[in-house]
Number of protein chains: 2
Amino acid sequence: METRELRYFVAVAEERHFGRAAERLGIAQPPLSRAIQQLERRLGARLLDRTTREVALTEAGAVLLTEGRAALDAVDAAERRTRRAAVGPGIVLVSKAGASEELLAKLLDAYAAEPGAVEVDVQLCGPAQQERLLRDGRADVALLHCPFDSTAGFDTDDLTTEGQSLFLPAGHPLSARSELRMADVAGVPLPRWPLPDGGYPDGPGPEVRDTMQLRQLVSLGRAAAVLPDSARHGLVDDVVAVPVVDAPRVTTVIAWPPHSRSRAVADLVRCAARL
Amino acid sequence: METRELRYFVAVAEERHFGRAAERLGIAQPPLSRAIQQLERRLGARLLDRTTREVALTEAGAVLLTEGRAALDAVDAAERRTRRAAVGPGIVLVSKAGASEELLAKLLDAYAAEPGAVEVDVQLCGPAQQERLLRDGRADVALLHCPFDSTAGFDTDDLTTEGQSLFLPAGHPLSARSELRMADVAGVPLPRWPLPDGGYPDGPGPEVRDTMQLRQLVSLGRAAAVLPDSARHGLVDDVVAVPVVDAPRVTTVIAWPPHSRSRAVADLVRCAARL
DNA sequence: CCCACCCATACCGCAGGGGTATCAATGAGA
DNA sequence: TCTCATTGATACCCCTGCGGTATGGGTGGG
C-alpha cells in the first residue's frame, strides 16, 4: 500500500464526499474514485458504501481510517525527523504554555550542563496538541500531565507529582478559605479546554487555549480554575491559590516515542529522572 | 514520502550494498540508485555516504532507518488489520507458548461468555516475537510478561503478579530445598533465549525458543530455569519447582496498540481486568 | 417530471519508474 | 605499477499508471 493511496482514502473517509476530498487533495474527482476502487481491489475489501447521496464507511473502512491515520503520522514523523537530523543535531521539546515552568527551566539547565548536550528547541502549545506533535515528528520529547494528557503509545518517566489548587481572583468568596474540597468547587464555572478535534465542550465557563491565557482571565476576575500547585509559580498578587485537598494528584511525566530513543533524547530523559 | 521509497531505503541501509538490496527488492540496481538519489534530493538530506567499497549511514540516514522501519510497520499493520476486518469480525491474541496457560484459558472463557464476543484467534509464539506481531498488525492483543517483554508503544493493563521458581529435574541437588535465593541459582547454567534479531547470546546454557521446549528439556534433565510460578501448572512429576524468593516478580499484562482500541479489543481488555 | 447532485466510466497525454548497456572510481593482488 | 574485479552512477529506452477532461447514469428533492 502506498502512502498516496492512504492519503486519498483518509481524505474521502473524513469528508465522506469524493468531490470535496478531491478538492482538498488538489486533484480531480475521477482519478480519486479510481484510486479508491483500485485500493479496494488490491486489499480485496470494500471500504466505502457509496450511493449517489452519501458515502459511508464499512467495518473494514473504519479500521483502515484509524490505522491509516496512525501510519501516515508515522511516515510524516520519519520525514520530519530525518529533515531535522540533516540540518544538525538538536531535539524539540514540547510543553504546555504556562505549565511546569520551574521544572522545565531546571531540566534545561541540568541538560545543558551535560557533556555532549545538543541544542533543545522548546515549543510551547496548548494541551492535546503535544500528543499530535510527538506523533507526527514535529517534536521529540514532551512534558505531559497525567491524568489529563494521554500517554498512549509513548514511553514515559515520572518526574513530579503534586496536588491541585483552585486559582481565583482575590476578593472571590472562596479566596479566604485555607483549603477546599471538590464539593466546594462544584458551583464554580470552570474553564473549557479544547477537545482533541479543536472544538469546545458545552458549558458555562470561558473557552481557553492555554494556561497563560487562563492565568490572564483569572487575574482579570473573569475565570477560576483548578490547576496543579506549581502554577502558583510566578503568580501575580491579585490571584489567590487555595489547595483543593481531594483533587486528583497530577503527575508530570517526560514522554518520547518508544522507537526513537536517540542518544540526545536518552540523555535528556536520564537528566530529567535525576531532578 | 512514498512507502516504496522507504522500503528501498531500508533495504539499502540494512544491506549496506546497492546490489544486494536490489536483489532483495526484486529490481535492478540502477533504478534503486536513482530512487535513493531522488529521495535524498526530495528530503534535502544526504542519507548514505557511498564509496565504491562501502555504503555507510549518515546521521540523517540512521534516523530515517529507525523511523522508517516504524512507519513501514504501521503501514503493514493498517493493511493487515483492514484485510482481517474485511473477512469478518474477530481478533488475534498472541501469547508465549507454554506461559500463562491458566490465565489465558480463563480469559478466553470469560470473554466468550460476553455478549457481542467475536472469535478470538489465539497465536502462540516465542518471546520477542509478540511485540513484532502486535506492531505489524498480525495480532491485535498480546499477553506480555514484565519485566521480560518490552511494552514500549503499547497500552497495557496489569493482570497478575507472581514470583518465580527454579524449575529443575527431580534429583538435582537443589531440588530438595524448600526455597532458594538468586545467589543459589548463580551456579546453574540458565537457558539462553533468542535476542530480538533472532540470534542467541553466548553462554553455557542450552538455546531455547519457547517455554514448551524448555519444559521438555527440563524434564529430560538437560536444563534448569527460573520461570514464573504459574509455569508449575500442568507440571509433570519428574520436574520440581522451588520458589526463588528474591527473584524479580513477574507481571502478566494485556497489551494492545493504543490507536486501535476497537470494540472487540476493548471488551476483551475489560474482561481481562475483571479476572 | 425535471433537475441538480454525485460517483463511475471512457479516453488521452505524459511523467516517471524500471530495464539494459556502459562508464568511472577504487582498492586488492600480482 | 599495472591490471582487474567490484560497485555505484549515468545514458537511454520502453511502458505502466497517474492525472486530466468529457460524459454517463442513478437518485432524491422540488
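Lettering follows sequence order; numbering is per chain, from 1.
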- Query: Between A:E40 and A:R50, does at least one N-O distance fall below 4.0 Å, as a salt bridge requires?
  - Reply: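 Looking at A:R50 together with A:E40, the answer is yes, because their closest N to O distance falls below 4.0 Å.
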
Open item on the list: For B:E14, is there an ion pair with B:R24 - N to carboxylate O distance below 4.0 angstrom?
Closed with: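 Answer for the salt bridge query: yes.
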
[atom1] of [X]: more than 12 outside heavy atoms within 6.0 angstrom?
| X | atom1 | result |
| --- | --- | --- |
| B:E59 | CD | no |
| B:R263 | CZ | no |
| B:E5 | CD | yes |
| B:E23 | CD | no |

Protein heavy-atom contacts under 4.0 Å, written 5' to 3' over nucleotides 25-30 of chain D as B (base), S (sugar-phosphate only) or - (none), form the string -BBB--

Next on the checklist: Side chains of A:Q29 and A:S33: any donor to acceptor distance under 3.5 Å?
Outcome noted: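 The criterion, which ignores hydrogens and geometry beyond distance, is satisfied for A:Q29 and A:S33.
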
Could you list the donor-acceptor pairs under 3.5 angstrom formed by side chains in residues 202-209 of chain B, with sequence neighbours left out?
none

Neighbours of DNA chain C within residues 7-19 of chain A, by heavy-atom distance under 4.0 Å
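Nucleic-acid contacts, sorted: A:H17, A:F18, A:G19.
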
Query - Strand contacts (DNA chain C) in residues 28-44 of chain B, 4.0 angstrom heavy-atom criterion - result: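 Correct list: B:A28, B:P30, B:P31, B:R34, B:Q38.
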
Rounded distance (Å) that lies between atom [atom2] of [N] and atom [atom1] of [X]:
| X | N | atom1 | atom2 | answer |
| --- | --- | --- | --- | --- |
| B:E54 | D:dA9 | CD | P | 14 Å |
| B:I27 | D:dG8 | CD1 | P | 13 Å |
| B:E23 | C:dG19 | CD | C1' | 16 Å |
| B:E2 | C:dG16 | CD | C1' | 13 Å |

Residues forming a side chain to side chain contact (heavy atoms under 4.5 Å, CB included) with A:A272, sequence neighbours excluded: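 A:A272: side chain to side chain contact (heavy atoms under 4.5 Å, CB included) contacts with A:L107, A:L159, A:I254.
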
Subject >> Among B:L39, B:L65, B:L64, the one residue meeting side chain to side chain contact (heavy atoms under 4.5 Å, CB included) with B:L6 >> reply: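 Going through B:L39, B:L65, B:L64 one by one, the side chain to side chain contact (heavy atoms under 4.5 Å, CB included) with B:L6 is satisfied by B:L64 alone.
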
- So, is B:R50 near the phosphate of D:dT7, with a side-chain N or O under 4.0 Å from OP1 or OP2?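 Checking D:dT7 against B:R50, no side-chain N or O comes under 4.0 Å of OP1 or OP2.
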
| task | Apply salt bridge (Lys or Arg N to Asp or Glu O under 4.0 Å) to B:R34 and list each qualifying residue two or more places apart in sequence or on a separate chain. | result |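 B:R34 satisfies salt bridge (Lys or Arg N to Asp or Glu O under 4.0 Å) with no residue once adjacent residues are dropped.
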
